[in-house]
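Below is one structure, written out as structure tokens; the observations come after it.
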There are 2 protein chains.
Amino acid sequence: MRVSDLSTVAGVPVATIKYYLREGLLPRGETTTSANQASYGQAHVRRLTLIRSLVDVGGLSISAVRKVLAAIDDPDVPLHEMLGATVGTVTPGAGATEHDEYRAQAVAEIGRVVDARGWRVSADAPARDAAVDVLAAMHRVGGERLATVLDAYVRAVELVAEADLDTVSAVPDRDVRAETALVGTVLGDHLLAALRRLAQEHVSATRFTPPPPETP
Amino acid sequence: MRVSDLSTVAGVPVATIKYYLREGLLPRGETTTSANQASYGQAHVRRLTLIRSLVDVGGLSISAVRKVLAAIDDPDVPLHEMLGATVGTVTPGAGATEHDEYRAQAVAEIGRVVDARGWRVSADAPARDAAVDVLAAMHRVGGERLATVLDAYVRAVELVAEADLDTVSAVPDRDVRAETALVGTVLGDHLLAALRRLAQEHVSATRFTPPPPETP
DNA sequence: GCATGGTGGATACTGTAACTATCGGATAGC
DNA sequence: GCTATCCGATAGTTACAGTATCCACCATGC
């Protein structure tokens, strides 16, 4: 399989494939004979599909994809660390974090819920900082109001995380498991976001409009 | 309050404020005397803080911010429609959606869960398409495996949406309510994502490592 | 045995997004 | 009156994600 075939199968322009090769997202094909004839296999198609999903649907940047793929490919990186690597990349913020009153309050609130639910998470988990940043921003712009959702969110993500781990645990192969965890986490965020909008619409409809005629 | 003051208070460079004015994100200050002396008030500070949160923490693009702000400011736009407007902007995809087997399956699955939970959502809600797209991408890259989480996700977002609506309903003023819904939805996605990582770490830790010494 | 066209690799270019810098004229406050 | 600041417009900058072009080289069908 040469580039043009890979391009056809995966639906990605050749120029873009070359770009991904340059950027180290996609391993180079085996240069069988010599010099300028490399051959690509099924693994390249998989990887390319993965990259496209992360970029197009997951919204990751190229450098973010490079990072997480490197983590996938390194057998020494534990799973939760790989997922942690996606945090800083999905939420681009974290730059020049202001240490104001809002942030202090957010730190306290996150600490409270982590303790209350008995979560065993390291104090310096990147996701923890991300959560603090978002919560601080909520306070900054919306006052106290928004913090009241925190407990419900925490219970909801426990449900989600249990399901996530069930799915990931069921995969025997290490590489496939890492890939599953990655895709499930990155795309899962967006799936959750879309479902949340639907659920909001539903809840809003049931609360504020008369119920539809019963259909038993 | 002139631009430089606004800049100091909100922590945003003057040049950037001018850019936002140009782009119509921020209403121009009242041009009190005439021509070149405009004055800004507390509302501008609020709006500027809101914009920065949506951009920096929420990750929205400038054009997306313009769209949702226009929806906020228009009293005729119903709440769920405003939130729907954020869907297409957060998930940039939707371009050249392939109608392959994966998508067909995703459509069926979303239809199934919506029916199963009795969700009252319109068939052409933007969030529905977004969910279908993401689910199709999951199938494309990860096979059947990932779809098993769907039911758990649906139950989780019901919890979340109830909490969201509780919070929003508690706000009396229409404008503040719209703003709360917007911020809660956009930033809420990221808060949920970060909390989800934490919960994943916790669940992973409790499943695969010995329990910590008890501290009753 | 040789023309044709695809290949790998390098380099240069394009388009978009989000600012950032400069400029010309006006005006505020001393 | 003088200087600092302001407004508005225009032009420039940086980063990102590709695209496009070039060129020497293989490989294969005639």
Side-chain angles (χ1 to χ4, degrees), chain A residues 1-41 44 48 50-69 88-90 92-93 95-96, chain B residues 1-41 44 48 50-69 88-90 92-93 95-96:
Chain A
M1 206 190 248
R2 291 184 289 280
V3 259
S4 58
D5 303 321
L6 182 59
S7 168
T8 318
V9 172
V12 177
V14 174
T16 304
I17 294 176
K18 286 186 172 187
Y19 172 61
Y20 291 160
L21 289 170
R22 270 204 305 287
E23 294 295 319
L25 304 190
L26 195 62
R28 310 207 94 99
E30 288 181 57
T31 170
T32 44
T33 58
S34 73
N36 71 343
Q37 219 70 9
S39 85
Y40 304 87
H44 291 90
L48 199 45
L50 173 60
I51 294 170
R52 281 267 118 166
S53 296
L54 293 177
V55 170
D56 291 345
V57 184
L60 294 201
S61 70
I62 296 299
S63 68
V65 172
R66 182 174 33 236
K67 237 179 289 178
V68 294
L69 289 183
T89 61
V90 170
Chain B
M1 207 192 254
R2 291 184 289 282
V3 259
S4 59
D5 303 321
L6 182 59
S7 168
T8 318
V9 172
V12 178
V14 174
T16 304
I17 293 175
K18 287 185 174 187
Y19 171 62
Y20 292 159
L21 289 171
R22 270 203 305 286
E23 294 296 316
L25 304 191
L26 195 63
R28 310 208 96 99
E30 287 181 56
T31 170
T32 44
T33 58
S34 73
N36 69 345
Q37 218 71 7
S39 86
Y40 303 87
H44 292 90
L48 199 46
L50 174 60
I51 294 170
R52 281 266 111 166
S53 297
L54 293 178
V55 170
D56 291 345
V57 184
L60 294 200
S61 69
I62 297 298
S63 68
V65 172
R66 181 173 34 235
K67 235 179 291 179
V68 294
L69 289 183
T89 59
V90 170

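Only heavy atoms go into these numbers, but all of them, side chains included; no hydrogens, no water, no symmetry mates. The chains referred to below are lettered A, B, ... by the order of the sequence lines, with proteins before strands, and numbering in each begins at 1.
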Find the distance [X]:[atom1] to [N]:[atom2] and express it as a whole number of Å.
X	N	atom1	atom2	answer
E23(B)	dA9(D)	CD	C1'	13 Å
L26(A)	dG9(C)	CG	C1'	15 Å
I17(B)	dT5(D)	CD1	P	16 Å
M1(B)	dA28(C)	CE	P	19 Å

So, do S7(B) and I17(B) sit near enough that their side-chain heavy atoms are less than 4.5 Å apart?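 A side-chain contact under 4.5 Å exists here.
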
Taking side chain as C-beta onward, heavy atoms only, is L69(A) less than 4.5 Å from I51(A)?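 Result yes, sub-4.5 Å side-chain heavy-atom pair found.
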
Partners passing side chain to side chain contact (heavy atoms under 4.5 Å, CB included) against P13(A) (at least two apart in sequence or in another chain):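 With sequence neighbours excluded, P13(A) shows a side chain to side chain contact (heavy atoms under 4.5 Å, CB included) to T16(A), given in chain and number order.
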
Contact residues, residues 2-9 of chain A to DNA chain C [heavy atom, < 4.0 Å]: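 Only R2(A), V3(A), S4(A) qualify.
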
For the OH atom of Y40(B) and the OG atom of S4(B), what is their distance to the nearest 0.5 Å?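 Y40(B) atom OH to S4(B) atom OG measures 10.0 Å (nearest 0.5 Å).
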
Whether each nucleotide of nucleotides 17-23 of chain C has a protein heavy atom under 4.0 Å at its base (B), only at its sugar-phosphate (S) or at neither (-) is summarised, 5' to 3', as -BBB---

With sequence neighbours excluded, give me every salt bridge (Lys or Arg N to Asp or Glu O under 4.0 Å) pair touching residues 1-18 of chain B.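 Salt bridge (Lys or Arg N to Asp or Glu O under 4.0 Å) check on residues 1-18 of chain B returns no pairs.
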
Could you go through residues 22-29 of chain A and list every donor-acceptor pair under 3.5 Å that involves a side-chain atom there, pairing it with any protein atom two or more places apart or in another chain?
unit_1 : atom_1 : unit_2 : atom_2 : d
E23(A) : OE1    : R66(A) : NH1    : 3.0

Donor-acceptor contact present, side-chain S39(B) to main-chain M1(B), <3.5 Å: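 No, S39(B) side chain to M1(B) backbone: no donor-acceptor pair under 3.5 Å.
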
For Y19(A), check side chain to side chain donor-acceptor pair (under 3.5 Å) against everything at least two apart and list the hits.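 Expected list: none.
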
